[in-house]
Amino acid sequence: MSDPAAVPTLDLAVLDQIVAAALAEIAAAGDLADLDAARVAALGKKGSVTEQMKLLGSLAPDQRKAAGAAINQAKDRVAAALDARKLVLEAEALSARLAAETVDLSLPAPAVQVGRLHPISQTIDEIVEIFGEMGFSLAEGPDIEDDFHNFTALNFPPGHPAREMHDTFYLSAAEGAERPVLRTHTSPVQIRTMQSVPPPIRVIIPGRTFRSDSDQTHTPMFHQVEGLVIDEATHMGHLKGCLIEFVKAFFELDVLPVRFRPSFFPFTEPSAEMDIGCSRKGGELKLGDGGDWLEILGCGMVHPNVIRNCGLDPQRYQGFAFGMGIERIAMLKYGIPDLRTFFDSDVRWLTHYGFLPFDVPSLVTGATNGGAR
Ligand code: DAH
């Protein structure tokens with residue numbers, strides 16, 4: 001072959017071998033890291049093709065052009081092979097990744113510990129759903145009230161003994177100013193509604209209420225729901241029909257005897273209390289036709305004074321109102337024995353008595369389907 005003493009020439013056979021070796025290494029690269037190693041081995045600073053390039057300077061000048069072209073060609077072949085292999089390997093890597101990350105949407109979702117809705121929230125949603133179907137809309141009012149809305153406008157004149165029945169929490173006030181109260185019932189929202197919305201009015205009003213009372217059957221904070229209907233034609237028959245429909249839908253009973261007993265509330269005249277049928281045989285309370293009675297709510301025709309206190313003409317407008325304790329009817333419906341547990345924040349209790357977020361009350365699925373608990 002070449003004489004070491006002579007001017008070096010480019011050995012094309014050696015160049016071909018180098019290219020062939022590089023192409024073989026590229027073809028054998030199993031992944032992008034292998035391929036990069038093959039690139040460095042051929043085209044890197046000390047790569048086999050690069051080393052040939054370095055020979056150029058020592059060649060006889062008349063050989064350089066042809067040798068340079070040959071080496072460049074060799075380099076281009078290797079580079080093209082690298083590019084082609086890279087595309088293949090990248091496509092393979094992507095397919096492998098897509099296969100590994102495939103999600104089987106038909107698999108059941110993993111069991112996760114989900115939060116529960118408190119029975120009070122669920123019961124409020126149920127009540128609002130039932131009255132919503134009857135054309136009532138939702139209204140709310142503030143927890144902190146003034147004496148006018150909580151008492152005076154509701155026909156509890158100052159000094160009236162009925163005020164004493166409410167065990168009111170008073171907040172402090174500046175010297176000489178009237179003390180605000182924590183509302184003792186949701187009835188003040190009747191006043192706020194009549195003051196702000198022209199009749200006809202049909203509202204259902206759930207909310208927190210407060211009384212300074214605490215024992216086995218009373219908690220200082222509890223919940224009520226209030227209903228109010230005001231127009232020019234509503235009478236006691238409407239009141240009865242509406243509430244009878246409500247208790248049947250709420251307790252999910254087709255046969256549920258009811259009775260209305262005369263009662264007294266300052267803001268209604270006449271006033272009544274509604275009882276539903278039950279049985280207490282064997283010490284167990286069961287709702288339905290059992291020969292016994294259970295008080296469930298207060299109601300009546302809105303007192304003309306209340307209508308007048310809201311700036312409406314009682315000669316023209318009339319209607320009915322009702323109010324009930326939410327804890328009480330939730331306990332009856334869901335068999336919750338102890339009032340105070342509602343406010344214990346015990347997660348075990350909530351897991352047992354709470355509701356999954358998907359148990360959205362609807363009259364279609366059974367108004368108030370508690371079955372999915
Ligand atoms: N506000 C009454 C209470 O807290 C409940 C009530 C009774 C509300 C009769 C009414 C009603 O709207 O008509 O004891």
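Throughout, numbering of the chain's residues begins at 1 and tracks the sequence. This one's a predicted model, so the numbers in the text were calculated from it and none came from an experiment.
Of the charged side-chain nitrogens involved, none lies within less than 4.0 Å of a carboxylate oxygen, so that E51 and K46 do not count as a salt-bridged pair. Salt bridge status for D36 with R39: present, with a side-chain N to carboxylate O gap under 4.0 Å. Salt-bridge check for D143 with R183: passed, with a basic side-chain N closer than 4.0 Å to an acidic carboxylate O. Salt bridge absent: E284 and R280 never bring a charged side-chain N and a carboxylate O closer than 4.0 Å. Taking a cutoff of 4.0 Å between a charged side-chain nitrogen and a carboxylate oxygen, R85 and D31 do not qualify as a salt bridge.
Residue F210 forms a side-chain contact (heavy atoms from CB on, under 4.5 Å) with just one option from T219, V181, L182, and that option is L182. When H166, E145, R211, Q224 are each tested for a side chain to side chain donor-acceptor pair (under 3.5 Å) with T184, only one passes: H166.
Cation-pi geometry between K333 and F250 is met: under 6.0 angstrom from the ring centre, within 45 degrees of the axis.
Note on L32: it clusters hydrophobically with L82, by side-chain heavy-atom contacts below 4.5 Å among ILVMFWY residues. Both V189 and F156 belong to a single network of hydrophobic side chains, linked directly or stepwise wherever heavy atoms of I, L, V, M, F, W or Y lie under 4.5 Å apart. Tracing side-chain contacts under 4.5 Å through hydrophobic residues (I, L, V, M, F, W, Y), one never reaches Y317 starting from F320; they form parts of separate clusters. There is a path of hydrophobic side-chain contacts, each under 4.5 Å, that joins I130 to I244. The same ILVMFWY cluster, assembled from side-chain heavy atoms under 4.5 Å apart, contains both V229 and V247.
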> Checking side-chain hydrogen bond (donor to acceptor under 3.5 Å, both in side chains) for the pair Q195/H149: CA distance, chi angles, key distance, verdict?
Replying inline: CA-CA 10 Å; Q195 285 177 326; H149 289 91; 3.0 Å; yes

>> What verdict does the side chain to side chain contact (heavy atoms under 4.5 Å, CB included) test give for F251 and I296, after you've listed the backbone C-alpha separation in whole Å, the side-chain angles of each residue and the deciding distance to 0.1 Å?
In response: CA-CA 12 Å; F251 291 110; I296 181 112; 3.7 Å; yes

>> Checking E269 against M301 for the side chain to side chain contact (heavy atoms under 4.5 Å, CB included) test, could you report, in this order, the C-alpha distance in whole Å, the side-chain angles of both residues, the deciding distance, and whether it holds?
In response: CA-CA 5 Å; E269 180 58 36; M301 299 306 292; over 6 Å; no

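Here CD of Q122 is found 9.5 Å from CG of L356. Values are rounded to the nearest 0.5 Å. With rounding to the nearest 0.5 Å, the separation of CD1 in I26 from CG in D34 is 12.0 Å. Rounded to the nearest 0.5 angstrom, I307 CD1 and M194 CE are separated by 6.5 Å.
Aromatic ring centres of F131 and F322: separated by under 6.0 Å. Between F355 and Y334, the distance from one ring center to the other falls under 6.0 angstrom.
Looking at T234, its side chain never comes within 3.5 Å of a backbone N or O of D231 through a donor-acceptor pair. A donor-acceptor pair under 3.5 Å is formed between the side chain of H185 and the backbone N or O of N150. R64 contributes a side-chain N or O that, together with a main-chain N or O of G57, makes up a donor-acceptor pair within less than 3.5 Å. Checked by atom type and distance alone, the side chain of R202 never pairs as donor or acceptor with a backbone atom of G227 at under 3.5 Å.
Taking every heavy atom of both residues into account, S187 and E226 meet most closely at OG-OE2, 2.8 Å. Contact record, G68 with L56: N-CD2, 3.6 Å, taken as the closest heavy-atom pair. In plain terms, the two heavy atoms of C299 and L239 that are nearest each other are SG-CD2, 3.9 Å. Heavy atoms only, all atoms of each residue included: N309 and N155 are closest at ND2-N, 4.3 Å. The minimum heavy-atom distance between L253 and G288, with the atom names listed, is CD1-N, 4.3 Å.
Using cut-offs of 30° and 60° on the angle between ring planes, the pair H118 and W349 is tilted.
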